[in-house]
There are 2 protein chains.
Amino acid sequence: MLSASVKISLDHKSYLREPESTTLGRKIIAESIRLIDALGFEQFTFKKLAAEIGSTEASVYRYFENKHKLLVYLVSWYWAWLHYTVTFQLQNLPSPTDRLNRAIEVVARAGQADDPSVAHIDERILHRVIVAESSKVYHTKEVDSENKEGFFLELKRFCHYLALIVLEINPGYPYPHALISTTLEAAHQQLFFAQHLPSLTDVAAEQYTETVNFLKQMVFASIK
Amino acid sequence: MLSASVKISLDHKSYLREPESTTLGRKIIAESIRLIDALGFEQFTFKKLAAEIGSTEASVYRYFENKHKLLVYLVSWYWAWLHYTVTFQLQNLPSPTDRLNRAIEVVARAGQADDPSVAHIDERILHRVIVAESSKVYHTKEVDSENKEGFFLELKRFCHYLALIVLEINPGYPYPHALISTTLEAAHQQLFFAQHLPSLTDVAAEQYTETVNFLKQMVFASIK
DNA sequence: CCACAAATGATAGTAAAGCTATCAAAAAAG
DNA sequence: CTTTTTTGATAGCTTTACTATCATTTGTGG
């Protein structure tokens, strides 16, 4: 597949300085993804990140107030990227059922992304980070104020986009947003459980394929 | 309802010293629930907890290695308590469909618990803590080793217990554990979204009732 | 009720995390 | 080529997350 370089831009300022616009900023993003994946978010620090990219703590702090805001940035970027990818994959699919089926596939298989659409971001590693860490962005005491600042817009927009497809299939279904947000979370959870807590799931060997099947069955059974 | 005092006991050692067995231990549990609820897990520290209960940091560290293990203890206690409550509520319900319906109600309405079954633990506050913080217990780099130590047994056991009811209703349903783990997580998520990120859900005014209805519809549609 | 063990409190101290400030050097923009 | 912006280098401060020691209190078994 041919894909021109895509610029994903966000609607809010989880950052102090636009990281995409400088070499150092891009290094911060690229290396933070790798380092959070390697250490886990709790053990990840700006000091370690700075060492990794041959810069200093102070310089990293010029881009992000703290590591939480950096995670907000990464998670928002991920949802914007996934939204873009899904939109692209749904082109020329007129049937809403086909569209929802394809959307579920793309969402659940995001970890298999073969198509690096952005030069310095490794979407497969980012996906692992999202699976393990994304729920931490809103499970904080600051969730309401950060929500007002627009920090979760990308997820909310994507959820609404998919909810509208659900309503196209069945305008009378009463819980389109709840079903989609549950499905989006479950797509991550089931992969995480398959790897770490297998007795919480039934998907195992072919984890992507089985997650897709489970989610499709659940979603379509619910809305029909 | 008449309920004798119940002792919930756990199968693993997230603690160093059994907190239920001493006055200080029970104060640590009771006050940590209140403080985590008030400050959020990130801002919660053993120093603040010790100040709150008129003790010292060192004393708290004699009960729990660190605040993460304390959270593991609280979350495990919650699942064991909920399992007990559900088992109790399913007595004399022979029909698996009735049993599953009732189980979903109890799970989704755990935050309305009117029945303080354990003297020093406020289950309603604990429920808020669980909704906001519980996923942090396994989203760590230590998940595999802690899983081996049995830290997640209570959740896994409860999930399996409900999965067996699903299989009673439809022995051919292929994803009983995935469906139940998704439902358990969704029960928390939807309440959290209703309060903090309402555009990710459709449940609003009557959040408990609507969450119950959404989950029942999803579960029974999936397995029938 | 005494002796002894266990639990707690008081205090101190350490390493790392999570910042903020300052100033000089380098790079980029006009 | 000068001026603004960005980065690096260094320093320092507060808080968190512990660990250690010793005295005191509490609780228990004889």
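In the text below, chain A, chain B and the rest are named by the order of the sequence lines, each starting its count at 1. Please read all numbers here as calculations on a predicted model, not as lab measurements.
Annotation: cation-pi pair A/K67/A/F41 present, NZ/CZ under 6.0 Å from the ring centroid and within 45° of its normal. Both tests do not hold together for B/R109 against B/Y208: distance to the six-membered ring centre under 6.0 Å, angle to the ring axis within 45°.
Between the CG atom of B/L49 and the P atom of C/dG9 there is a distance of 12 Å, given to the nearest Å. Taking atom CG on A/L24 and atom P on C/dA25, their separation rounds to 20 Å, with Å as the unit. Between the CG atom of B/L16 and the P atom of C/dA6 there is a distance of 17 Å, rounded to whole Å. Rounded to a whole Å, the OH atom of B/Y61 is 17 Å from the P atom of C/dT14. Atom CZ in A/R62 sits about 10 Å away from atom C1' in C/dT22, given to the nearest Å. In this structure, A/E42 places its CD atom 19 Å from P of C/dA16, rounding to the nearest Å. Spacing between atom CZ of A/F64 and atom P of C/dC19 amounts to 14 Å, rounded to whole angstrom units. Straight-line distance from the CZ atom of A/F44 to the C1' atom of C/dG18: 13 Å, rounded to whole Å.
Shown here for A/G111 and A/H127, the closest heavy-atom pair between the two residues is CA-ND1, 3.1 Å.
A donor-acceptor distance shorter than 3.5 angstrom exists from the side chain of B/E210 to the backbone of B/E206, with no hydrogens or angles considered.
In this structure, B/Y63 reaches the C/dT8 phosphate: one of its side-chain N or O atoms is under 4.0 Å from OP1 or OP2. For C/dA17, the OP1/OP2 oxygens have a side-chain nitrogen or oxygen of A/K48 closer than 4.0 Å. The side chain of B/S59 contributes an N or O atom lying less than 4.0 Å from OP1 or OP2 of C/dG9.
Applying the ring-ring contact (aromatic ring centres under 6.0 Å, His included) test between B/H12 and each of B/F151, B/Y73, B/W77 identifies B/F151 as the sole match.
Running 5' to 3' along DNA chain D, contacts with non-hydrogen atoms of chain B at under 4.0 Å begin and end at D/dT16 to D/dT21.
Looking at heavy-atom distances under 4.0 Å, A/K47 makes no contact with the nucleic acid at all. Nucleic acid contact class of B/F46 (heavy atoms, under 4.0 Å, all strands): none. The residue A/E65 sits close only to the backbone: its heavy atoms come under 4.0 Å of sugar-phosphate atoms, none of a base.
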Original post:
Yes or no on salt bridge (Lys or Arg N to Asp or Glu O under 4.0 Å) for A/K136 and A/E42, after CA distance, side-chain angles and deciding distance?
Top reply: CA-CA 11 Å; A/K136 295 171 189 169; A/E42 281 68 34; 3.1 Å; yes

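The pair A/K13-A/E65 fails the salt-bridge criterion, with no side-chain N (NZ, NE, NH1 or NH2) lying under 4.0 Å from an Asp/Glu carboxylate O.
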